[in-house]
Amino acid sequence: GVTLTDDVTLTTAGGALNINGAVNGSSANTQSLTLNATSAGAVSVTSTLGQTTSLKTLTLTNSNGATFASAVKADTSVVLSNTTVGQNITFQDNLTTPTLTTTANGYNLALLGSNTTISGTQAATVFNNTGTLTLGNQATDSFTFAGGLTATSPSAINAAGQISTTNANITFGSAPVSLLDNATFN
């Protein structure tokens with residue numbers, strides 16, 4: 001694995017960006033990781049990010065699709081800036097952060113972990129991406145959006161599992177909502 005001692009930016013000139021070992025900070029909520037494979041390169045992270053010692057911020061600047069196969073923890077934020085229209089940003093395992101930021105670009109976003117927590121209570125998590133949004137793929141998945149959840153921009157929403165807030169609103173726009181398994185909104 002790799003331990004960050006300062007903020008790190010990894011950039012390719014359109015080639016694939018692969019991280020196959022764990023990445024952690026050296027001090028909790030201090031070091032940030034930025035990934036940029038441009039609009040031509042795919043990002044693949046097969047091991048955990050911030051699980052032993054949390055990262056401060058994880059930023060995906062641009063990609064031609066990004067897959068995070070293992071758990072991700074960033075104690076300040078996760079920022080998904082851009083990905084090629086129609087390509088997927090997929091978190092296959094748990095995502096834990098106070099703030100998840102998306103942008104008004106045509107990428108698809110899938111959060112598939114069994115226990116995803118966006119813990120910030122100051123504002124709702126707003127899904128601005130205009131591609132599809134998938135929240136879970138099994139009835140046993142659990143999502144907590146402490147400050148609320150707003151998804152009025154995605155073209156379609158897929159959901160499964162327990163999707164909850166801490167006494168805050170869940171707002172979906174006019175996009176069709178498809179249930180991939182049993183789902184509870186609370």
Subject >> Closest contact, heavy atoms only, Gly15 versus Ala37 >> reply: O-CB, 3.8 Å
**OP:** Tell me whether Leu135 is reachable from Val126 by hopping between hydrophobic residues (I, L, V, M, F, W, Y) whose side-chain heavy atoms are closer than 4.5 Å.
**Re:** no
Subject >> Donor-acceptor under 3.5 Å (Ser32 side chain, Thr57 main chain) >> reply: yes
Subject >> Side-chain donor/acceptor of Thr132 to backbone N/O of Leu109, under 3.5 Å >> reply: no
**OP:** Measure from the side-chain N and O atoms of Asn137 to the backbone N and O of Ala160, and report whether any donor-acceptor pair falls under 3.5 Å.
**Re:** no
**OP:** Please test Asn24 against Thr53 for side-chain hydrogen bond (donor to acceptor under 3.5 Å, both in side chains), starting from the C-alpha separation and ending with a verdict.
**Re:** CA-CA 5 Å; Asn24 289 289; Thr53 304; 5.3 Å; no
**OP:** Mind checking the CG-CG spacing from Leu100 to Leu80? Nearest 0.5 Å is all I need.
**Re:** 5.5 Å
Subject >> From CG (Leu133) to CG (Leu111), nearest 0.5 Å >> reply: 6.5 Å
**OP:** Examine distances only and state if a side-chain atom of Asn108 and a backbone atom of Asn88 form a donor-acceptor pair shorter than 3.5 Å.
**Re:** no
Original post:
Which heavy atom in Ser153 sits nearest to a heavy atom in Phe127, and how many Å separate them?
Top reply: CB-O, 3.7 Å
Original post:
So how far is it from Leu60 CG to Thr101 OG1, rounded to the nearest 0.5 Å?
Top reply: 12.5 Å
Subject >> Test side-chain contact (heavy atoms from CB on, under 4.5 Å) applied to Thr134 and Leu180, step by step >> reply: CA-CA 9 Å; Thr134 301; Leu180 302 178; 3.9 Å; yes
Subject >> Side-chain (Gln31) to main-chain (Ser26) donor-acceptor, under 3.5 angstrom >> reply: yes
Original post:
So, Asn105 and Thr103: side-chain donor and acceptor under 3.5 Å apart, yes or no?
Top reply: yes
**OP:** Enter the distance from Leu149:CG to Thr165:OG1 here, rounded to the nearest 0.5 Å.
**Re:** 8.0 Å
**OP:** Without swapping roles, check the side chain of Thr152 against the backbone of Gly173 for a donor-acceptor pair under 3.5 Å.
**Re:** no
**OP:** Kindly indicate whether the side chain of Leu35, heavy atoms from C-beta on, has any atom under 4.5 Å from the side chain of Leu58.
**Re:** yes
Original post:
Quick check: does any side chain N or O of Asp181 sit under 3.5 Å from a backbone N or O of Ala139, one acting as donor and the other as acceptor?
Top reply: yes
**OP:** Ignoring hydrogens and angles, tell me if any N or O in the side chain of Thr97 forms a donor-acceptor pair with the backbone of Ala74 under 3.5 Å.
**Re:** yes
Original post:
Would you say the side chains of Asp7 and Thr34 form a donor-acceptor pair under 3.5 Å?
Top reply: no
Original post:
So, do Phe91 and Thr116 sit near enough that their side-chain heavy atoms are less than 4.5 Å apart?
Top reply: no
Subject >> Pair Asn62, Ser39: side-chain N/O donor-acceptor within cut-off below 3.5 Å >> reply: no
**OP:** Please answer: with hydrophobic residues joined when any side-chain heavy atoms are less than 4.5 Å apart, are Leu4 and Leu17 in the same cluster?
**Re:** yes
Subject >> Approximate separation, where rounding is to 0.5 Å, of Phe143 CZ and Ser114 OG >> reply: 9.0 Å
**OP:** Please report the closest heavy-atom contact between Pro154 and Ala175, naming both atoms and the distance.
**Re:** O-CB, 3.2 Å
**OP:** Report yes or no: do Val79 and Phe145 belong to one cluster of Ile/Leu/Val/Met/Phe/Trp/Tyr joined by side chain heavy-atom distances under 4.5 Å?
**Re:** no
Subject >> Pairs satisfying ring pair (Phe, Tyr, Trp, His ring centres under 6.0 Å), at least one member in residues 151-183, at least two apart >> reply: Phe172-Phe185
Original post:
In terms of hydrophobic clustering (I, L, V, M, F, W, Y; side-chain heavy atoms under 4.5 Å; direct or indirect links), are Val45 and Leu10 co-clustered?
Top reply: yes
Original post:
So, does Asn64 use its side chain to make a donor-acceptor pair with the main chain of Thr84 at under 3.5 Å?
Top reply: no
**OP:** Indicate, with yes or no, if Ile170 and Ile157 share a hydrophobic cluster defined by side-chain heavy-atom contacts under 4.5 Å among Ile, Leu, Val, Met, Phe, Trp and Tyr.
**Re:** yes
Original post:
For atom CG of Asn167, is the number of surrounding heavy atoms from other residues, nucleotides or ligands below 6.0 Å larger than 12?
Top reply: no
Subject >> Check: Leu112 and Asp141 side chains under 4.5 Å, non-hydrogen atoms >> reply: no
Original post:
What distance do Asn115 atom CG and Gln162 atom CD have between them, rounded to the nearest 0.5 Å?
Top reply: 11.0 Å
**OP:** Have a look at Ser63 and tell me which of Asn82, Thr38, Thr83 forms a side chain to side chain donor-acceptor pair (under 3.5 Å) with it.
**Re:** Thr83
Subject >> Exercise: identify the closest heavy-atom pair between Ala146 and Ser119 >> reply: CB-O, 3.4 Å
**OP:** Would you sort out whether Ser70 and Asp93 count as a side-chain hydrogen bond (donor to acceptor under 3.5 Å, both in side chains), showing the intermediate values?
**Re:** CA-CA 5 Å; Ser70 298; Asp93 204 335; 5.1 Å; no
**OP:** Determine whether the side chains of Thr11 and Asn36 contain a donor N or O and an acceptor N or O closer than 3.5 Å.
**Re:** no
Subject >> Smallest separation among heavy atoms of Pro98 and Asp75, with atom names >> reply: CG-O, 3.1 Å
